[in-house]
Amino acid sequence: MDTLYNPDGVEERWQQAWEAEGLYNADPDAPGEPYCIALPPPNVTGELHMGHALNASIQDLLIRWHRMRGFNVLWQPGYDHAGIATQNVIEKELAKESLTRHDLGRDAFVARTWEWLELYGGIILGQLRRLGASLDYRRERMTMDEAYVRAVLRWFVHLYDKGWLYRANRIVNWCPRCESAISDLEVNHIEEDDTLTWIRYPLADGSGHLTIATVRPSTMLADTGVAVNPADDRYRDLVGKEAIVPIVERRVPIIADERVEMEFGTGALKITPGHDPMDFEIGRDHGLEELTVIGLDARMNEAAGEFAGLTQEEANERIVARLGEQGLLEKQEPYRHAVGHCDRCGTRIEPLVTLQWWCDMKELAAPAIEAVRDRRTRFFPDRYTDVYLNWMEKIRPWCVSRQLWWGHRIPVWYCPDGHITAAEEQPGACGECGSTELTQDEDVLDTWFSSALWPFATLGWPEQTPELETWYPNDVSSTDRGIIFLWEARMQMAGIELMGEIPFPGINIHSTINAPDGRRMSKSLGTGINPLDTVDEYGADATRYGLLKMSSTQDVRFNVGMIEEGRKLANKLWNVARLILSNAADARPAAEPRDVEERWILARLDATRELLEESWGRFEFAPAVNALYRVTFDDFCDWYAEAIKPRFQDPADTVVRSTALAALERLLILLHPVMPHVTEEIWSQLPTRQTRLIVRPWLEADPRFAADAAALQRVQEAAVMFRRSGVLPPLDEDEQRILQAVERRQVAADGDPTVEIERLRKEIQRAEGMLGNERFVERAPADVVEAEREKLARYRRELEALTG
RNA sequence: GGGCGUGUAGCUCAGCGGGAGAGCGCCCGCUUCACACGCGGGAGGUCACUGGUUCGAUCCCAGUCACGCCCACCA
């Protein structure tokens, strides 16, 4: 007889049934308090990875739990068009055919991207289905859907009208490979070995020179100043004079600026406003010219004269050699420092001055800071509150334009005179001069500009839909800590600005699952583990269980053992259900429990219910999952099931049957949010079932068991007190039997005198040690000391009795 | 440079002021009529290190070391 629970087939069957029966469907007009989570939209190009699977397990647990609690739930699915990421994927596809996007042209490229999405775009939601995710799949949204695009345009024009969006020529993070600007958050700073070169800049008046240190000699061709700290005595006399930039022989002013660190290098800094962010700001403040010698391809451009066309490395080499010849090279030293790289493709970032759209964040941030500060929005775990606040309080303008083709085209039109008209629909004429010769901005918006609207644009905004009315604000946002700034912060800002209300009161930041060796899970490192493989091997329930157990608040290493544990739990549950069903197939519910075991297990299950509610309410999942394992194995199977088994021999004992059924029901209900499939499968075989388990109301504290729960509580407290002080408070007969059950291992060990003798000897030694400590006797609370004395005396008596 | 987190049994992790725990692995015994993805028993830890607070510290405080992550315009 096959006695193993096999999830194959069972899980798919229920997934199809739940969806087909409309049990995932959300209805804004349905009764119940609304509860809504918007699935963090995965990239359209994405496949399910461990992070997605963990987050889906968490969200589905919350959704199923609230559905059972009678809330009107919506779990909103969808995708992000993921501008830069998707464009990169398509470009790679093209590269296989030796094509670039420029070979196709913009329209064909975008058309091809849409085609590609038709074929491969929708896979991740299908994969979520296989995990049992109870999303309302009918409501799938994408950030480039027609309706969503309207929301994005509204957002843009809104910000433009407020004067917070503007176009400016500024230094940006330029990725030469993506051929686009990117925002500060999309730059990774990576430590690299470099060379620090010390170069002499002659003074214009011939009175000598001053030495600067740089890691990028090639940029000196665009130097338009030299700066020193105003407090630096070494250079005080030079401020206001001029230096000559070697090679280009340019006379540049020597200026004083506090941003120059006196301790670094020589304390003198060459200023290249065109190619360095800090130099750019110093340059603007001092009115220095912004020259450009590096092009969008990161190579030296025509302005670099004889160095034009070279890579920067080549230019560095030649320039250093030239300086050596001229006697202006002082020294070179190895130097290690952090260098910016494109988060998307890893290419070294080039700071360049280009014309981009910027969003001023100060006024958007202020109310979003307040919301978190006064706890209308709370982070779980709480430590991320400071992470968020620190970033928000020093927020800087956001570069929102991208020189990409895939994304929301910036809704701005220019007339020949350069007037700007921003509008949701193509305007007929320039808003300023009435010219009808309008051309639209070529650029697209940062992907995160649109995903900031996710909690309400998916509900139909800017239309005033029933969905929006019902489910905004959402209730929880669950994400990885990697996108707290990119996404969470921006949803707060957009939600408050456009909806006048925070998007959700709870932000759950889940753990990061690393590879078993502790490295990051990544496809390119080959350290990735596909959650669908564990679903195939162990089942979706087991996978969900394992992931939730790994969802403690810090980083964890992926451990199949946790998923195997989940499989064990499913199997155990399946088997104990078989035991009960084979004996109680026609039992009727609602009988009063008779014996202490029965009342005890019902009270235990109720205590577990309370623990689940408390920890799930705090977004702590691992302890709850652990409690479910313990209550199933230790309490339900090892103790309760074993205890009632003999009573099944008595056909007249209807109480044991109906109680067993009731206890099993309760166990299934508690386990359902974690392991929906196996519980529903068992549920479907119960003679007592009336609805699907997925919509079966969650447990309330049952007054019938309140007394027993209270008794259990008393017994457990008594047991703790007994262990600590040796004093056992008075218990009635039933409570004493419950105590025996609680302490059953101890009781079992009583059979073996050598074990007991050893234990008593240890206890006596410990008690003697404590009582021999004068400070303990003098300073510890009197009742504790007294208890210890009584305990010692009792242990001695017991030992005496055992050893004779 | 600033901030956060982590260091507990061979492995992965719970616990966080008075008995040091789980799963896996390991050893011994069980095809006991729900379950060998099982049942019973067992070995295995100066709870990273150093100080402090306390009658008492794995747990609180300070510092040290190691690892990880986030933020960052010292060229």
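Letters A, B, ... are given to chains in the order of the sequence lines, protein chains preceding strands, and every chain is numbered from 1.
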Practice item. With ring-ring contact (aromatic ring centres under 6.0 Å, His included) as the test, would you mind laying out the steps for A:F264 and A:Y335 before giving the verdict? Key: CA-CA 12 Å; A:F264 189 90; A:Y335 180 61; 5.8 Å; yes
Review point. Within the pair A:R557 and B:U12, is there a side-chain N or O less than 4.0 Å away from OP1 or OP2?
Key: yes
Review point. Which of the following nucleotides, B:U12, B:A34, B:C70, is nearest to the side chain of A:M562?
Key: B:U12
Below 3.5 Å between N/O atoms, which protein atoms pair up with nucleotides 29-31 of chain B? Just atom names and distances, please.
none

Review point. Among B:C69, B:U12, B:C37, which nucleotide sits nearest the side chain of A:K568?
Key: B:C37
Point to revise | A:N559 side chain, from C-beta outward: closest of B:G68, B:U12, B:C39 | key: B:U12
Close N or O pairs between protein and nucleotides 72-75 of chain B (under 3.5 Å):
from	atom 1	to	atom 2	distance (Å)
B:C73	OP1	A:R396	NH1	3.1
B:C73	OP1	A:R396	NH2	2.4
B:A75	OP2	A:Y335	OH	2.7
B:A75	N6	A:E261	O	2.8
B:A75	N6	A:F264	O	3.2
B:A75	N1	A:E261	N	3.2

Exercise for review: Indicate, with a heavy-atom threshold strictly under 4.0 Å, whether A:N626 touches base, sugar-phosphate, or nothing.
Suggested key: nothing
Check your understanding: In whole angstroms, how far is the P atom of B:U12 from the CG atom of A:L547?
Key -> 18 Å
Point to revise | Nearest-Å distance for atom pair CG/C1', residues A:L611 and B:G15 | key: 14 Å
Check your understanding: Which of the following nucleotides, B:A34, B:G23, B:A36, is nearest to the side chain of A:Y629?
Key -> B:G23
Review point. Which part of the nucleic acid does A:F558 contact within heavy-atom distance under 4.0 Å: base, sugar-phosphate only, or nothing?
Key: nothing
